[in-house]
Amino acid sequence: MAKQANTPSVPKKPAVDKDAPLKEDIRLLGRLLGNVLREQEGDAVFQVVETVRQTAVRFRRESDAQSGAELNRMLKKLTRDQTVSVVRAFSYFSHLANIAEDQHHNRRRRAHLLAGSAPQRGSIAWALSRLDDAGVSGATVRNFFKDALVSPVLTAHPTEVQRKSILDAEREIARLLAERDHPLTPKELAHNTQLLHARVATLWQTRMLRYSKLTVADEIDNALSYYRITFLRELPGLYEDIQSELAAQFPQRQAAEKELPPFVQMGSWIGGDRDGNPNVNAGTMKHALVRQSTAIFDFYLDEVHALGAELSISTLLVGVSPELEALAKTSPDQSDHRMDEPYRRALIGLYARLAATARNLGAAHVLRQEVGTAAPYATTAEFTRDLQILADSLKSHHGNALIKPRLATLKRASEIFGFHLATLDMRQSSDVHERVLAELFARARVADDYAALGEEDKIALLLDELGKPRLLYSPYLAYSDETDSELTILRTAREVRQRYGDRAIRNYIISHTETVSDLLEVLLLQKETGLLHIEWDSTSAQGAHDQRGLQAQMELMVIPLFETIPDLRCAADIMQRFMALPQVRHLIAKQGELQEVMLGYSDSNKDGGFLTSNWELYKAETRLIELFNNAGVKLRLFHGRGGTVGRGGGPSYEAIIAQPAGTVNGQIRLTEQGEIIASKFSNPEIGRRNLELLVAATLEASLMPNGTQGKEARKLAGFEQVMEELSERAYHAYRNLVYETPGFTDYFFSATPIAEIAELNIGSRPASRKSSRRIEDLRAIPWGFSWGQCRLLLPGWYGFGSAVASWLAEDDDSKEQKRRVAQLRAMFKEWPFFATLLSNMDMVLSKTDLAVASRYADLVVDRKLRNSIFKRIVDEHERTTACLTTITGAKERLAGNPLLARSIKNRFAYLDPLNHLQVELIKRHRAATADGRKLDERVRRGIHLSINGIAAGLRNTG
């Protein structure tokens, strides 16, 4: 086509830097921190910090060796006091950068919604749209919610290095930063800046570290703060969003709409998880429920009081339902001033009943005194019913607009949280159960040495005892402290359920489940404490092996936890034998043909490495779902995920979508641990988004057609065969380094700050299960946390490079090698499991820094050991990055997530000084310890502050 003459050129619009507001926020907070530093510490300290910052940024930006050497010399010359100031400054900057990034995520999401763009991936609208496009009917989607359970479970595992006071100050900074996105007058903007300055100054003057060990009670209170910030309001709000999206996506069903059941429910381990924590007992369980109950009653009472102020409706102007009128008549408030205001009188009655209930359930005090006395509620359902009466009356008398602002949210909250707030799980190790029963059997003269029996004999004995009406325990005999404590805990669980409702405690998790007897032991312990009743009907024609002759009632679901690689491989076989037992099968029927199984990500990774752990978890899930489908039992998987990728961390949405076909099925529980709780739920908007991601992913994983038939099934089988081969190779590479290399344990304890981490007051649980230096006894959490601190993050990638490289080189034929590369690339593009695995590993590698890690390696005194092991790690890192590039085609890390890539890259300049100073401080600390000199508290404090700062800078490191 000929070019037209005189065609005016259209000027291109300048590219919009979407990250400009983020950069401005970081500059603002950095400037305010600098001002506070100058005010609080003086100009000399400010200049030192600023010089270190500029040198570190130059070194990172230009990769200048001279700048690196200058930075090292500068840091070594710092006095102890200067060192602490520099560490604090860079640590606080990491915290402030996190706040700015979170605010930017919220900003970008709001901009997306305001622009009316297509639904974001991971939103409810996105999930429903995908399901609709796939031909899934509205009826199918609605039926999903009837039986679904999505349950985030908060745990207190010790990687949360933040004090609650610090988190509170940071939340206020986040609020003030968000305020600046709205139009402000110059005076308002100046006031906002002043408040931000004050909050940053508060942060600087607030002690970052705990000087005393956290108690379980502290952990309970810390967790409850997230309910007040996020869950109590955002979770009911999420239900409203889902209801609206359902109506929009499937409008033909709108007229017959019913409210969603409370399918998203909160869980907690804090106060009930005894595994390896001697500080958890019956008292902490009671305390956890009292504190949880107090928190939810405080919320209910405040909301009912506020409703009383809002619903000033007069019967002189509008009518009310007979049920509402009857409810008002039962109110202790019969003032003449409110005789025409039945809603207010009814709510005063509700408030009085709630206050009485709160006191009955242990609430220490009710802040706002009720008008008069009233009978307490027997159940949450009674409270919900009263709220429904208010809503129905408003709805039938032109008051629809008055329901949604508060009453609908309160009613929804009552259904979700009850009077217990969150379900408290119980957990204990199988070896403890065995010791308790061994003592009970011996004292009852049933078996002299139960622990010495073979597995079949144990099963026979346990089943026999389950069918007997008498107990092993005698109140007239003395037992060990452990046995008394364990039995008291189970009796307390029964009392708690009677007091707070069945949902208060309903799960008993068995750590280190290795045999069927491990499960039966907990059934017998429940029987001993009144939580389980099994009776065989002697008149049954078929005798004791006929389920028709069995009467049973079990209060706590017995849930196995399979953690190590061998345990995962045996999981399906153990569950098959367990569910084949007539007594057990009957109990499962009583549970609604539902059985939960928990899978541990942390210990399986520490045991077998990143690749093998993920693959064995995948295979265990696949075998379990096949077994359960054949048995006609619904499987609910409980994923014990941690913060780091090495412990099952990474984006929850992608993790759920990548689950094997059929394993989600509307039922999923997963742990939220350590600092991940703060990063996900300390901001209400981000918390709402993370809850939405869980629901959307569960919807998609449960209902999207999986295409595992015919050709697709054969392709998947081929992918799985490759993974099996890669896993075997990765397993040997990882095990060879960690468990089979002489001196590796010494290297680990020297080249990482594991010993210093163990000294931190960041949890009530010890870092190791036993007093030893064996890797086997070390908890998986400090194991991963330590590797993160030294910037190797080894549990998130080691073994992958050796596996892929050796598999590709197995055949010398170049055509075969090309075919294998093509196979891996197809797996990456077409298999969500493999794509998620590589994506997570990509993120871990982006945070890995061998130059920094080499400084930590220098802490190893034995030069030969140091050089040998560090070289192996470096070589494996090179293989892994090369193989990842070959498969994905991306030469740069995080090529598919440029925002995260920039974030991590920008942080490195501020993390480098913290890492270098941490190494110097550790050297001084360990030298003083070796020489028997008095330890300098400033050095110890500097180390702990650096741990805090590095963890904040890397974020998901625990």
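In this text the structure is predicted, and so the values were computed from the model without any measurement.
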Engineer: Side-chain donor-acceptor pairs under 3.5 Å in residues 313-325, sequence neighbours left out?
Structural biologist:
from	atom 1	to	atom 2	distance (Å)
S314	OG	L316	N	3.0
S314	OG	D340	OD2	2.6
T315	OG1	D340	O	3.4
S321	OG	L324	N	3.1

Engineer: By the salt bridge (charged side-chain N to carboxylate O under 4.0 Å, His left out) test, which pairs, at least two apart or in different chains, include something from residues 367-380?
Structural biologist: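 Every pair satisfying salt bridge (charged side-chain N to carboxylate O under 4.0 Å, His left out) with a residue in residues 367-380: D302-R368, R359-E370.
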Engineer: I'd like to know whether E179 forms a salt bridge (charged side-chain N to carboxylate O under 4.0 Å, His left out) with R175, so could you lay out the CA-CA distance, the side-chain angles of the two residues, the decisive distance to 0.1 Å, and finally the verdict.
Structural biologist: CA-CA 6 Å; E179 192 177 82; R175 186 192 69 78; 3.5 Å; yes
Engineer: Determine which pairs satisfy ring-ring contact (aromatic ring centres under 6.0 Å, His included) with at least one residue from residues 97-123, sequence neighbours left out, and list them in order.
Structural biologist: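 Sorted result for residues 97-123: empty, none.
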Engineer: Would you say the side chains of T215 and D218 form a donor-acceptor pair under 3.5 Å?
Structural biologist: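 A pair is found: one side chain offers a donor N or O, the other an acceptor, under 3.5 Å apart.
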Engineer: Going by ring-ring contact (aromatic ring centres under 6.0 Å, His included), name the residues that satisfy it together with F231, two or more places apart in sequence or in a different chain.
Structural biologist: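 With neighbours one apart ignored, the set is Y227, F681.
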Engineer: Excluding sequence neighbours, so at least two apart, what forms side chain to side chain donor-acceptor pair (under 3.5 Å) with T193?
Structural biologist: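 Scan of T193 (side chain to side chain donor-acceptor pair (under 3.5 Å), adjacent residues dropped) gives R180.
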Engineer: Quick one: salt bridge (charged side-chain N to carboxylate O under 4.0 Å, His left out) pairs with a partner in residues 287-301, sequence neighbours left out?
Structural biologist: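 Counting only pairs at least two positions apart or across chains, the salt bridge (charged side-chain N to carboxylate O under 4.0 Å, His left out) contacts touching residues 287-301 are D221-R291.
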Engineer: Any side-chain heavy atom of L694 sitting closer than 4.5 Å to one from I668?
Structural biologist: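 Not in contact.
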Engineer: Enumerate the ring-ring contact (aromatic ring centres under 6.0 Å, His included) contacts for residues 305-350, please, sequence neighbours excluded, ordered by first and then second residue.
Structural biologist: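 Sorted pair list comes back empty.
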Engineer: Quick check against the 3.5 Å criterion: does T423 have a side-chain atom that pairs as donor or acceptor with the backbone of R503?
Structural biologist: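 Between the backbone of R503 and the side chain of T423 there is a qualifying donor-acceptor contact (under 3.5 Å).
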Engineer: Is the ring pair F419/Y300 parallel, tilted or perpendicular, if the boundaries are 30 and 60 degrees?
Structural biologist: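 Perpendicular.
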Engineer: Quick one: CG on L238 to CD on E245, what's the gap to the nearest 0.5 Å?
Structural biologist: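 Those atoms lie 10.5 Å apart.
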Engineer: Taking side chain to side chain donor-acceptor pair (under 3.5 Å) as the definition, give me every residue that meets it alongside Y377, ordered by chain and number, with sequence neighbours left out.
Structural biologist: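 Partners of Y377 by the side chain to side chain donor-acceptor pair (under 3.5 Å) criterion, ordered by chain and then number, come out as D386.
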Engineer: Can you list the residues that meet the side chain to side chain donor-acceptor pair (under 3.5 Å) rule with Q498, with sequence neighbours excluded?
Structural biologist: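 By the side chain to side chain donor-acceptor pair (under 3.5 Å) rule, Q498 matches no residue at all.
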Engineer: Would you list the pairs meeting salt bridge (charged side-chain N to carboxylate O under 4.0 Å, His left out) in which at least one residue belongs to residues 107-120, sequence neighbours left out?
Structural biologist: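 Matches after skipping sequence neighbours: D25-R107, R107-D181, R109-E692, R110-D181, R110-E685.
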Engineer: Which residues pass the side chain to side chain donor-acceptor pair (under 3.5 Å) test with S293, sequence neighbours left out?
Structural biologist: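 S293: no side chain to side chain donor-acceptor pair (under 3.5 Å) contacts found.
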Engineer: Check ring-ring contact (aromatic ring centres under 6.0 Å, His included) between Y239 and all other residues, then give those that pass, not counting sequence neighbours.
Structural biologist: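 Per chain and number, Y239 pairs via ring-ring contact (aromatic ring centres under 6.0 Å, His included) with F263.
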Engineer: Quick one: CD1 on I173 to CG on L195, what's the gap to the nearest 0.5 Å?
Structural biologist: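 Interatomic distance, I173 CD1 to L195 CG, rounded to 0.5 Å: 11.0 Å.
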